[in-house]
Engineer: 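If you scroll down you'll find the structure; I have some questions about it.
Proteins get letters first, then strands, A, B, ... in listed order; numbering begins at 1 in each. The structure presented is a predicted model; accordingly, all values stated were derived computationally and were not measured.
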Amino acid sequence: TQLLEQSPQFLSIQEGENLTVYCNSSSVFSSLQWYRQEPGEGPVLLVTVVTGGEVKKLKRLTFQFGDARKDSSLHITAAQPGDTGLYLCAGARGGANNLFFGTGTRLTVIP
Amino acid sequence: ETGVTQTPRHLVMGMTNKKSLKCEQHLGHNAMYWYKQSAKKPLELMFVYNFKEQTENNSVPSRFSPECPNSSHLFLHLHTLQPEDSALYLCASSRDPGGNQPQHFGDGTRLSIL
């Protein structure tokens, strides 16, 4: 059983469109991180959210942590081909040695 | 440049071969990780090391043998692998273990088992 489920699994959109990716769990996390992985590379951290209800913006990307700290979303405005990649959420739980990674959303932005 | 270097980038080996994957981090981190990434599965944690001591072994088969001689270097020794072991193997490091620290990943070793 996967602790963090991401949806959609695959997403293909035209340049300029908006999109939202979801990361859901029945478990509570002390913090949640979002990573992007481009082909041939390892995942790279985009943002960390810590407080329930927190919203963080990174240029055209908006990240939100759910009030109950069980879920998160990533909204991209006016997507560009450079946004193409695998988006991974990862949650931290107290006492655990590691992050729990989500199932991933593979985004393709078509020029 | 993420500060985490993995070699080789690609490796093709037969099922009876023995090979090793290497990971080096230049970030002064204390924790290092091995992950397996397959095409149809989420990122799977394999091993966690904290100050050279293994703190997590996520039910990994014994044909994968990790080694951490110091907090900057991590190896994954491979022997008698199976075709289903073909995957991207990612190394990561963080300042301390535990999920509240961001992880810095290498670009991975793409492993193909013939």
Engineer: Strictly distance-based, threshold 3.5 Å: is any side-chain N or O of A:Arg106 a donor or acceptor partner for the main-chain N or O of A:Phe10?
Structural biologist: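 No.
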Engineer: What part of A:Leu32 lies closer than 4.5 angstrom to a heavy atom of chain B: side chain, backbone, both or neither?
Structural biologist: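 A:Leu32 has no heavy atom closer than 4.5 Å to chain B.
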Engineer: At a heavy-atom separation under 4.5 Å, does A:Glu41 approach chain B through its side chain, its backbone, both, or neither?
Structural biologist: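 Both parts, backbone and side chain.
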Engineer: If I measure from the heavy atoms of chain B, does A:Gln6 come under 4.5 Å with its side chain, its backbone, both, or neither?
Structural biologist: neither
Engineer: Please state whether the rings of A:Trp34 and A:Phe63 are parallel, tilted or perpendicular, taking 30° and 60° as the class boundaries.
Structural biologist: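 It falls in the tilted class, 30° to 60°.
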Engineer: Is the A:Phe29 to A:Phe65 ring centre distance short of 6.0 Å?
Structural biologist: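 Here the rings of A:Phe65 and A:Phe29 have centres that are no less than 6.0 Å from each other.
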Engineer: Just one of A:Ile13, A:Leu107, A:Leu19 clears the side chain to side chain contact (heavy atoms under 4.5 Å, CB included) bar with A:Asp83, so which one?
Structural biologist: A:Leu107
Engineer: Using a cut-off of under 4.5 Å for heavy-atom pairs, which of A:Pro43, A:Ala90, A:Ser31 has the most such pairs with chain B?
Structural biologist: A:Pro43
Engineer: So which part of B:Arg110 gets closer than 4.5 Å to some heavy atom of chain A, the side chain, the backbone, both or neither?
Structural biologist: neither
Engineer: Distance only, no hydrogens: is a donor on one side chain within 3.5 Å (strictly under) of an acceptor on the other, for B:Glu67 and B:His77?
Structural biologist: yes
Engineer: Heavy-atom distances under 4.5 Å only: say whether B:Gln101 touches chain A with side chain, backbone, both or neither.
Structural biologist: backbone
